[in-house]
Amino acid sequence: MAASEDSLRRALVEKQSTIESQGNAVRALKASNAEKKAVDEAIEKLNALKLEKSSIEKQLQASVSGNPGSSVSKEAFRQAVVNTLVGRLFFIPSFKIYGGVAGLYDYGPPGCAVKSNVLAFWRQHFVLEENMLEVDCPCVTPEVVLKASGHVDKFTDLMVKDEKTGTCYRADHLLKDFCNEKIQKDLSITAEKAAELKHVLAVLDDLSAEELGTKIKEYGITAPDTRNPLSDPYPFNLMFQTSIGPSGLSPGYMRPETAQGIFVNFKDLYYYNGNKLPFAAAQIGQAFRNEISPRQGLLRVREFTLAEIEHFVDPDDKSHPKYSEVADLEFLMFPREQQISGQSAKKTCLGEAVSKGIVNNETLGYFIGRVYLFLTRLGIDKDRLRFRQHLANEMAHYAADCWDAEIESSYGWIECVGIADRSAYDLRAHMDKSGVPLVAHEKFSEPKEVEKLVIVPVKKELGLSFKGNQKKVVEALEAMNEKEALDMKSSLETKGEVEFHVCTLGENVTIKKSMVSISKEKKKEHQRTFTPSVIEPSFGIGRIIYCLYEHSFYLRSSKAGDEQLNVFRFPSLVAPIKCTVFPLVQNQQYEDVAKIISKSLTAAGISHKIDITGTSIGKRYARTDELGVPFAITVDSTSSVTIRERDSKDQIRVNVEEAATVMKSVTDGNTTWADAWANFPHHSSVSAEE
């Protein structure tokens with residue numbers, strides 16, 4: 001806990017105790033009919049203590065909300081953003097005329113344009129610049145694929161039910177909400193209680209169903225809508241189940257991620273890439289998760305867009321040829337040691353983090369750096385972006401290292417990109433289930449003598465003992481790793497038999513010395529065969545876009561100062577419309593010039609909009625500022641026009657023939673607005689903003 005919050009909570013408890021004592025003193029003076037002067041002085045002291053308590057409460061509230069000095073609450077800011085987004089049709093609740101469905105949203109025209117621009121930049125920044133292989137796989141996935149990946153058995157959240165109405169809630173969310181509510185709004189809790197609640201939040205992801213249930217009962221948490229008691233937590237699989245074909249005999253699921261389509265195509269992609277490593281495959285597509293109780297607007301939905309990269313690499317060589325290009329970047333990093341010790345994220349040099357082993361390897365570090373550049377170029381505030389390393393209890397047993405790009409929003413820190421070194425787990429899982437070798441080869445310049453483990457099951461002996469289960473026992477023996485095989489060999493030589501677990505049978509069997517031969521042989525090999533490791537950056541596109549909306553939104557006063565105007569400061573890269581074209585007044589000549597400029601902008605590939613309504617120019621500017629349009633071309637003569645920049649409201653004057661060229665250069669990023677400001681005459685119009 002931060003020292004300031006801790007001391008404020010203790011000061012508040014002490015002040016409350018002093019107020020109670022002073023209140024007792026006032027009552028005692030009144031009861032004893034003390035002089036009026038003495039009573040008045042005691043009351044004055046009591047009121048002064050209450051003012052001091054109120055001051056401490058305000059400081060504490062600012063400390064726990066993480067919003068000191070701000071006159072606008074996070075909730076009010078969020079509501080202003082959402083109202084603007086919905087009002088200008090960036091997004092709409094799906095099926096609204098039928099009451100809508102929780103967790104499903106439609107993107108309106110400007111929202112579609114922003115999303116399209118973000119994905120176009122993602123392709124440019126990753127697929128094109130890194131020479132990735134892009135694929136597009138079906139959303140419907142056969143059960144066997146997701147059984148192999150572990151999703152059928154393990155892709156679950158813990159759920160509780162209202163025992164009277166049957167309404168379902170996600171158990172960890174209820175506990176998280178309770179803890180946050182107490183910490184942020186119940187200023188009377190002690191520093192010790194606040195520390196306990198913060199510890200619960202820190203270990204929330206690691207709590208078992210039983211531990212979650214115990215905490216829910218301990219804190220008296222009930223159903224939010226009815227206050228009815230809740231059931232014990234139990235697992236709920238988040239995948240949407242379906243069947244493939246009319247018979248219903250081929251079960252399937254709507255994919256919960258896009259990655260599995262890449263893994264099952266590894267063999268063909270490796271061949272397409274000339275049988276060479278490293279290489280990366282990428283996919284953009286829809287994913288589906290049947291969230292128990294969707295909330296947080298666009299951040300937690302049931303259908304969403306993922307952009308995922310699977311970078312396949314030799315597990316013995318995770319260096320990256322372009323690593324030096326990002327090694328000098330500095331940004332907020334939050335290693336697990338800092339999290340455990342209660343510290344905050346600190347600005348760290350990426351190269352230093354890799355060299356110290358904080359980040360596991362160069363390739364993982366390279367993608368962390370590339371993700372940082374991608375997000376900040378989109379318009380994410382670098383001071384509200386951090387890379388948090390997974391704690392040991394969050395990581396899968398097979399993962400070498402995992403980091404999340406988290407963006408701060410009004411909801412707190414939101415995981416928007418996961419960057420994980422998943423080792424060879426995924427390819428091995430599909431190889432074991434399908435029987436297809438998903439491997440790579442390294443050819444040696446000269447043959448190498450290597451010592452190889454040779455396991456030879458004696459099928460005749462195994463058939464006599466295990467009959468119909470012979471094949472499963474043989475497969476289990478052949479799948480042993482070197483340590484297991486050598487341990488078995490040692491036991492067979494000393495005892496003559498050994499107990500052996502066959503996972504496909506779900507039981508132990510007795511293996512005798514006559515049933516298997518285990519030895520090590522020296523062989524000359526011309527190539528090395530191995531299962532590649534995979535580094536996986538996975539992008540939640542909807543989450544990134546929502547955080548971009550919040551980071552880009554601000555309010556500014558109108559010229560008259562009588563109202564607050566909404567503005568999105570989108571970079572040209574992602575703005576839904578790059579510029580607008582306004583005839584200053586309704587005039588046929590001006591409208592003709594506007595149409596000529598529009599035609600030039602279209603030819604240059606610049607998205608734009610003409611507004612020839614009779615509305616005042618100031619209102620038209622405000623309307624497009626609210627859409628985040630960075631530039632406005634105003635036609636006020638037949639030979640030249642003004643170009644206004646959204647955030648500074650500065651204007652330059654250019655010839656009609658130059659307008660499209662200037663816009664193309666600035667919106668493509670070949671020049672900046674500062675360059676345009678330096679190279680063209682400035683225009684000042686007092687009436688324009690009125």
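Hydrogens, waters and symmetry mates play no part in the numbers below; they use all other heavy atoms, side chains included.
With hydrogens and angles disregarded, a donor-acceptor distance shorter than 3.5 Å links the side chain of Asn237 to the backbone of Val152. Between the side chain of Ser231 and the backbone N or O of Lys161 there is at least one donor-acceptor pair closer than 3.5 Å. Remark: side-chain polar atoms of Arg78 are paired, donor with acceptor, to backbone N or O of Ser410 under 3.5 angstrom.
Using cut-offs of 30° and 60° for the angle between ring planes, the Tyr546 and Tyr411 rings count as tilted. A perpendicular orientation is assigned to the rings of Phe288 and Phe240, their planes being inclined by more than 60° (bins at 30° and 60°).
Residue pairs meeting the side chain to side chain donor-acceptor pair (under 3.5 Å) criterion with at least one partner in residues 90-102, sequence neighbours excluded, are Ser94-Asp106. Within the structure, the salt bridge (charged side-chain N to carboxylate O under 4.0 Å, His left out) test picks out the following pairs touching residues 361-373 (sequence neighbours left out): Glu129-Arg370, Glu130-Arg370.
Looking at heavy atoms from C-beta onward, Arg302 lies in side-chain contact with Asn290 at the 4.5 angstrom threshold. Here the side chains of Phe178 and Leu174 are not in contact, with every heavy-atom distance at 4.5 Å or above. You'll find the side chain of Leu573 stays beyond 4.5 Å of the side chain of Asn117, heavy atoms only. Inter-residue side-chain proximity for Ile541 and Phe304 is flagged as unmet; no heavy-atom pair is nearer than 4.5 Å. Side-chain contact between Ile577 and Pro110 is absent, with no heavy atoms from C-beta onward closer than 4.5 Å. Put simply, the side chain of Asn361 reaches to within 4.5 Å of the side chain of Ile535, judged on heavy atoms.
When each of Gln339, Gln343, Gln338 is tested with Ser341 by the rule side-chain hydrogen bond (donor to acceptor under 3.5 Å, both in side chains), just one qualifies, namely Gln343. Of the residues Asp381, Ile380, Leu548, the one that meets the side-chain contact (heavy atoms from CB on, under 4.5 Å) test with Leu375 is Ile380. Tested against Phe387, the residues Phe331, Phe334, Trp413 include a single ring-ring contact (aromatic ring centres under 6.0 Å, His included) partner, Phe331.
Shortest non-hydrogen contact noted between Val326 and Gly365 is CG2-O, 4.3 Å. The shortest non-hydrogen separation linking Tyr323 to Gly351 is OH-CA, 3.2 Å. Between Cys168 and Ser293, the shortest heavy-atom distance links the atoms O-CB, 4.2 Å. Of all non-hydrogen atoms in Ile216 and Val160, the two that sit nearest each other are CD1-CG1, 4.3 Å. Annotation for Cys179 and Leu197: closest pair SG-CD2, 3.9 Å, computed over non-hydrogen atoms. Scanning all heavy atoms of the two residues, the minimum distance from Glu415 to Glu406 falls at CA-CG, 4.1 Å.
Note: Phe155 and Tyr253 fail the aromatic proximity criterion, with ring centroids not under 6.0 Å apart. Remark: aromatic rings of Phe553 and Phe568 are close, center separation under 6.0 Å. Residues Phe539 and Phe126 place their aromatic rings such that the two centres sit under 6.0 Å apart.
How far CG of Leu104 is from CD of Glu291: 11.0 Å, rounded to the nearest 0.5 Å. Taking CG of Asp225 as the reference point, atom OH of Tyr169 lies at 3.5 Å (rounded to 0.5 Å). Distance check, rounded to the nearest 0.5 Å: OH of Tyr372 to CG of Leu332 gives 8.5 Å. Here Ser409 contributes atom OG and Gln296 contributes atom CD; the two are 7.5 Å apart, rounded to the nearest 0.5 Å.
Electrostatic pairing of Arg623 and Glu626 does not count as a salt bridge here, judged by no charged N lying under 4.0 Å from a carboxylate O. Contact check on Asp186 versus Lys193 returns no salt bridge, with no Lys/Arg side-chain nitrogen under 4.0 Å from an Asp/Glu carboxylate oxygen.
Residues that satisfy the ring-ring contact (aromatic ring centres under 6.0 Å, His included) test with His199, not counting sequence neighbours, are absent from this structure. The side-chain hydrogen bond (donor to acceptor under 3.5 Å, both in side chains) check on Asp404 picks up His390, with sequence neighbours excluded. Under the side-chain contact (heavy atoms from CB on, under 4.5 Å) criterion, Ser607 pairs with Lys578, sequence neighbours left out. For Tyr425, the ring-ring contact (aromatic ring centres under 6.0 Å, His included) partners at least two apart in sequence or on another chain are Tyr398.
Crowding of Lys322 atom NZ: a count of heavy atoms from other residues, nucleotides or ligands under 6.0 Å exceeding 12. Glu75 CD: more than 12 foreign heavy atoms inside a 6.0 Å radius.
Thr305 and Gln286 share a side-chain donor-acceptor pair at under 3.5 Å.
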